[in-house]
S.K.: 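Input: one structure, supplied below.
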Amino acid sequence: MGYFCIFAAQIHQKRIKVTMAEYNHRAIEEKWQKHWADHKVFKAEIDPGRPKFYVLDMFPYPSGAGLHVGHPLGYIASDIVSRFKRNKGFNVLHPMGFDAFGLPAEQYAIQTGQHPAITTEQNIKRYKEQLKGIGLSYDWDKEVQTCDPKYYKWTQWIFSQLFQSWYNHDSAKAEPIESLIQQFKKSGNAGINAARDEDVPAFTASDWNSWSESQKESMLLKYRLTYPADALVNWCPALGTVLANDEVKDGFSERGGYPVERKKMRQWMMRITAYADRLVGNLAKLDWSESMKEMQTNWIGKSYGCELDFKVDSHDITLTCFTTRPDTIFGVTYMVLAPEHELIGTLTTPDRKEEVDAYVQKAVNRSERERMSEVKTVSGVFTGSYVINPFTNEKVQLWIADYVLAGYGTGVVMAVPSSDDRDFRFATYYGLPIKRVIGGTENLSDPTEIKYGKMINSGFITGMDSKEAVRATIDFAQKNGFGKEKINYRIRDAVFSRQRYWGEPVPVYFTEDGIPRLIPDNELPLELPPVNEYLPTETGEPPLGRAEDWLYKNKHPYELTTMPGWAGSSWYFLRYMDAHNDRKMVSPDAVKYWNSVDLYIGGTEHATGHLLYSRFWNMFLFDRGYVFHEEPFQKLVNQGMIQGRSNTVYKMKDSNKFISSGLKDSYDTIELHVDVNMVDNDKLDMEAFKKWRPEYANATFELENGEFKCGYLVEKMSKSKYNTVTPDAMIEKYGADTLRMYEMFLGPIELSKPWNTHGIDGVAKFLRKLWALFHDNTGNFIVTNDKPTAEEYKALYKTIQKVEQDINNLSFNTSVSEFMICVNTLTQLKCHKKDVLEKLLIVLSPFAPHIAEELWEKLGHKESIIKAAYPEFNPEYVKEDSFEYPIMINGKLRTKITFELGKNPREIEAETIANEVVQKWLEGKAPKKVVVVPGKIVNVVV
RNA sequence: GCCGAAGUGGCGGAAUUGGUAGACGCGCACGACUCAAAAUCGUGUUCUCUCGGGAGUGUGGGUUCGAUUCCCACCUUCGGUACCA
């Protein structure tokens, strides 16, 4: 590898000396990056006199591998917008920081004993160097790092605010907990419509007032927006921590891919469910992609329906089920409980006990993964009890089955085999009755094929339409007191505890009664204590249990779990506005001015994690008056992933001979990955390959057409596949400006595509051409003060117009094309005019800022091009003289007619076109008949 | 299974509200300059053909004078989600 780099660099330098003597990207880029940093050119300060624009990148987790060429795609796009907006006169806030708490640094610490802060710091340093090398216009004075105590002081402070708040559904916002206490004192909890735990008993004011401090506190925990609970969580034994739902994919951890199991543990929770309705409802107002909104909508999973009460036969028990299809109530032929349901013991008849116990045991012990892999299999058991359908007074069997989830609705389902697939499969398997209630299903072998229609066999709703029947049944149930309208959500409260070291400590300690108490704001931050090892303790406590003498006021134990990765990232966009404020999370003046993010660029992978949690926290802070906009991210763009393009060679088995790709089928070969840096356009550099590994030193090659061709694969970029391309290598070879433009040229930013270094030459050529156009053979800068011709202006203004449109649509690939066309045209016209260059540079500067600054300076400007005003588009020069419009003759022939400028064909009266045709078509031979198709086209009959 | 996005030359990708499909770049071929190579510049490059044309934007239909664009059905790829009642 080392050998190869030297080799490649030599080849490359030779080329540069000969061909690009003048355009020295290294010197230019170094010069301007230093200039920008020294003069703090991108510093953004509150300026009420200027309009603001906030452009945000999703800040990275600084991993040990550094950035590869795929990471900066979104950063370059947002940088172009930032620089463009600055030229347009906006005061642009464009910050960067680091999401620095996280598992990889901690795993590394476990292996090496090195404090994660040290590796994190090293990685951040490397990231910053790489980012600066690309010439991104960040205001580094606003940098934040989530692991910095000065930052996480405020993460802890937000936690405290959540702890001291409850959600009032009547006012539809979070309120201070004091207002709840006042109501409890006055009238108990009757009439309070709060987001709270399910198991809250009713109590009166005198109950409340008679309670001890501990009793009151335990009750308040059921209302607070963050609260401890014994929750069934996703436990990952390999990582030794719990994971949030969005961190689990198909039963495996998203990071590391370790198996995850269900386990009941005491956890801090975030009452995000309180905000479910607003989180869904607000999506309509946001300028996000439909797919992104869809993902969040599905994740929140709002469904309309009702709860219905079923009395259990010969018990004084009522089972409540949730259904979205109360209209099918007359088709209920049995009822099902989740295996975790708490009443199973009571409801199982003695003769069924043994079988039920065995089933429940099996179902509950099964891991999430097993349960998922057996999705389509049917299993269940009869309890021996019966329930009574409140609409028909019919007795139906009560079953237990694992297709019913304890966590959704009430854990009880009314089964309608004739309209639900799962119920149908279950009923068929166990021979339970099936009663058809929807018209049209009478003769179907699978009645679930028709889900909506006219109700049949359904008592008083027979003949109604499904929709109508839903309304009627809900009304009926409400009137008779055995049901109520209900909206159910799929989303669960978020688990907020991690059994980990490298995260924000939860600012809580416990008093003797086991009640959590907040650490006062003025004592924050609660800093991470040193520990001798980053593993859980022998007694199974989180790593913080190892911290010696770590007690609040020397006597109260602290909370030992830490916050999850998403805590720090859920509000960082606010901190950037006022990054160094040590008295407030962010000053009201700063939030008032910068308000919300105008453009947010990042990957789709955060749809149900970061982007949802951030909206939740921001909404909460809005409710409590700390920020002034409900939604944090107005416009969101998801950049695609850049995959790696791996190259492979085919080695003959039992030989050191390699076969060129096209010939491989005639031999028995094995496919091996080779470093893509030794391959150019799938042609292998054989000398470099021989030096790559000692075992290949005497390799031989079977060539085709005199060269050795490699195969290729599109895969994730990774070191082990030798397909990583770093921005550093590209910048060294081609320069940052070329890299920036090439990444944009690759295609629409939303699209995922493999990286292919090959096409970068085209962009590099463009910049060299631009440079060459304004320099003579000896390297002297040449511009003239002549007034540009109309033709030259046309080339320029077309580009100005197109690029401005493109930036507004974020379609940068076509802008790059446009620049190429412009420079090619100017080269052909031999245009060295100052006026043209000046305007072109301003338009180009967001894309290729270094070369633009350099030429700008050569033009004699003292101020950075950042401060230059974006040139106005002058339509005078771009006007076409005429346009052509297709004409139909005799309904068949087609020709074109040329029209004067300024008239869109659709704006011209069809008759006018017809007249033109009469005059111009077939000179001397007037059409016999002109047919006008209204609003469309003229059909001329000759 | 459900939801969403997308299918255009050898490749990445262009194409306003339906109006000359393939912009721009890569690659390839030829030419100029070179002793030569690189670089640079120029020409050509969807396929096919009997050189007049014919076919062509995943497939099959439809609407239209006209469809990459709109409608219906299907196929493929990618992303999300999955016993959510």
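Protein chains get the first letters and strands the later ones, always in sequence-line order, with residue 1 at the start of each.
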S.K.: Does A/F819 offer a backbone N or O that forms a donor-acceptor pair with the side chain of A/T799 under 3.5 Å?
M.R.: no
S.K.: Let's see if you can work this out: which of B/U81, B/A85, B/C83 has an atom nearest to the side-chain heavy atoms of A/T608?
M.R.: B/U81
S.K.: So, using ring pair (Phe, Tyr, Trp, His ring centres under 6.0 Å) as the criterion, who are the partners of A/F745 when residues are at least two apart?
M.R.: none
S.K.: Taking the side chain of A/M820 as its heavy atoms from C-beta onward, which of B/G25, B/C84, B/C26 lies nearest to it?
M.R.: B/G25
S.K.: Provide, to the nearest angstrom, the distance between the CD atom belonging to A/Q639 and the C1' atom belonging to B/A5.
M.R.: 16 Å
S.K.: Are A/T757 and A/W755 linked by a side-chain donor-acceptor pair shorter than 3.5 Å?
M.R.: yes
S.K.: Would you give the length of the straight line joining atom CD1 of A/I601 to atom CG of A/N638, rounded to the nearest 0.5 angstrom?
M.R.: 9.5 Å
S.K.: Which pairs, protein N/O on one side and nucleotides 40-46 of chain B N/O on the other, fall under 3.5 Å?
M.R.:
{"residue": "B/U40", "atom": "OP1", "partner": "A/R768", "partner atom": "NH1", "Å": "3.0"}

S.K.: Would you say A/R490 places a side-chain N or O within less than 4.0 Å of OP1 or OP2 belonging to B/A82?
M.R.: yes
S.K.: Between atom OH in A/Y23 and atom P in B/A39, what is the gap in whole Å?
M.R.: 18 Å
S.K.: Rounding to the closest angstrom, what is the interatomic distance between B/A29 and B/C65 at atom C1'?
M.R.: 41 Å
S.K.: For B/G12 and B/C30, measure between their C1' atoms and round to the nearest Å.
M.R.: 25 Å
S.K.: Run the ring-centre check on A/Y734 versus A/Y742 and record whether the distance is less than 6.0 Å.
M.R.: no
S.K.: How far, in whole Å, is B/G25 from B/A14 if one measures between their C1' atoms?
M.R.: 11 Å
S.K.: Could you state the atom-to-atom distance from CZ of A/R422 to C1' of B/C2 in whole Å?
M.R.: 12 Å
S.K.: Which is more 5' along RNA chain B, the nucleotide nearest A/G759 or the one nearest A/T604? Just name the residue.
M.R.: A/G759
S.K.: In terms of the nearest nucleotide of RNA chain B, which residue is placed more toward the 5' end: A/G411 or A/I821?
M.R.: A/I821
S.K.: Quick one about A/D493 and A/T273 (side-chain donor to acceptor, distance below 3.5 Å, no hydrogens or angles considered), yes or no?
M.R.: yes
S.K.: Could you tell me the separation between the CD atom of A/Q643 and the P atom of B/U77, rounded to a whole number of Å?
M.R.: 16 Å
S.K.: Classify A/N824 by what it touches in the nucleic acid, base, sugar-phosphate, or nothing, heavy-atom distance under 4.0 Å.
M.R.: sugar-phosphate
S.K.: Have A/D423 and A/Y403 got a donor and an acceptor in their side chains that come within less than 3.5 Å?
M.R.: yes
S.K.: Taking the cut-offs as 6.0 angstrom to the six-membered ring centre and 45 degrees off its axis, would you call A/R325 and A/Y452 a cation-pi pair?
M.R.: yes
S.K.: Mind telling me whether B/G9 is syn or anti, cutoff 90° either side of 0?
M.R.: syn
S.K.: Please state the C1' separation for the pair B/G66 and B/U77 - nearest whole angstrom.
M.R.: 31 Å
S.K.: Among residues 289-298 of chain A, which ones have heavy-atom contacts with RNA chain B below 4.0 Å?
M.R.: A/S291, A/E294, A/M295
S.K.: For nucleotides B/U46 and B/G56, find the distance between their C1' atoms and express it as a whole number of Å.
M.R.: 8 Å
S.K.: If the C1' atom of B/A73 is compared with that of B/G13, how far apart are they to the nearest Å?
M.R.: 29 Å
S.K.: Say whether, by atom type as modelled, one donor and one acceptor occur between the side chain of A/K802 and the main chain of A/T814 under 3.5 angstrom.
M.R.: no
S.K.: Checking side-chain polar atoms at under 3.5 Å, does A/T448 have a donor or acceptor matched by the opposite partner on A/D446?
M.R.: yes
S.K.: Hey, does the side chain of A/Y403 come within less than 4.0 Å of B/A85's phosphate (OP1/OP2), counting only N and O?
M.R.: no
S.K.: Nearest whole angstrom, please: distance from the P of B/A23 to the CG of A/D806.
M.R.: 17 Å
S.K.: Looking only at atom C1', what distance separates B/C28 and B/U17, rounded to whole Å?
M.R.: 38 Å
S.K.: Could you check how far OH of A/Y489 sits from C1' of B/A85, rounded to whole Å?
M.R.: 17 Å
S.K.: I would like to know whether A/K451 and A/D421 meet salt bridge (Lys or Arg N to Asp or Glu O under 4.0 Å); could you show each step before the answer?
M.R.: CA-CA 10 Å; A/K451 300 248 150 95; A/D421 304 337; 3.2 Å; yes
S.K.: Sticking with atom C1', work out how far B/G62 lies from B/A5, rounded to a whole angstrom.
M.R.: 25 Å
S.K.: May I ask you to check whether A/T608 and A/Y613 show a side-chain donor-acceptor distance below 3.5 Å?
M.R.: no
S.K.: Assess, by modelled atom type and distance only, whether the side chains of A/D309 and A/T318 contain a donor and an acceptor separated by less than 3.5 Å.
M.R.: no
S.K.: What stem regions, each of at least 3 consecutive Watson-Crick or G-U pairs below 3.5 Å, can be found for RNA chain B?
M.R.: B:1-7 with B:75-81, B:10-12 with B:24-26, B:27-32 with B:40-45, B:46-48 with B:53-55, B:58-62 with B:70-74
S.K.: Any donor and acceptor pair, going by atom type alone, linking the side chain of A/N488 with main-chain N or O of A/F322 inside 3.5 Å?
M.R.: no
S.K.: Give each protein N/O atom lying under 3.5 Å from an N/O atom of nucleotides 10-15 of chain B, with the pair distance.
M.R.:
{"residue": "B/G12", "atom": "O2'", "partner": "A/L746", "partner atom": "O", "Å": "2.7"}
{"residue": "B/G13", "atom": "O3'", "partner": "A/N813", "partner atom": "ND2", "Å": "3.3"}
{"residue": "B/A14", "atom": "OP1", "partner": "A/N813", "partner atom": "ND2", "Å": "3.2"}

S.K.: Can you name the residues that form a ring pair (Phe, Tyr, Trp, His ring centres under 6.0 Å) with A/F766, not counting sequence neighbours?
M.R.: none
S.K.: Take the protein atom CD of A/E307 and the nucleotide atom C1' of B/A85, then report the distance between them rounded to whole Å.
M.R.: 12 Å
S.K.: Without decimals, in angstroms, what is the distance between A/F424 CZ and B/C83 C1'?
M.R.: 16 Å
S.K.: Do the two ring centres, one from A/F310 and one from A/F482, sit under 6.0 Å apart?
M.R.: no
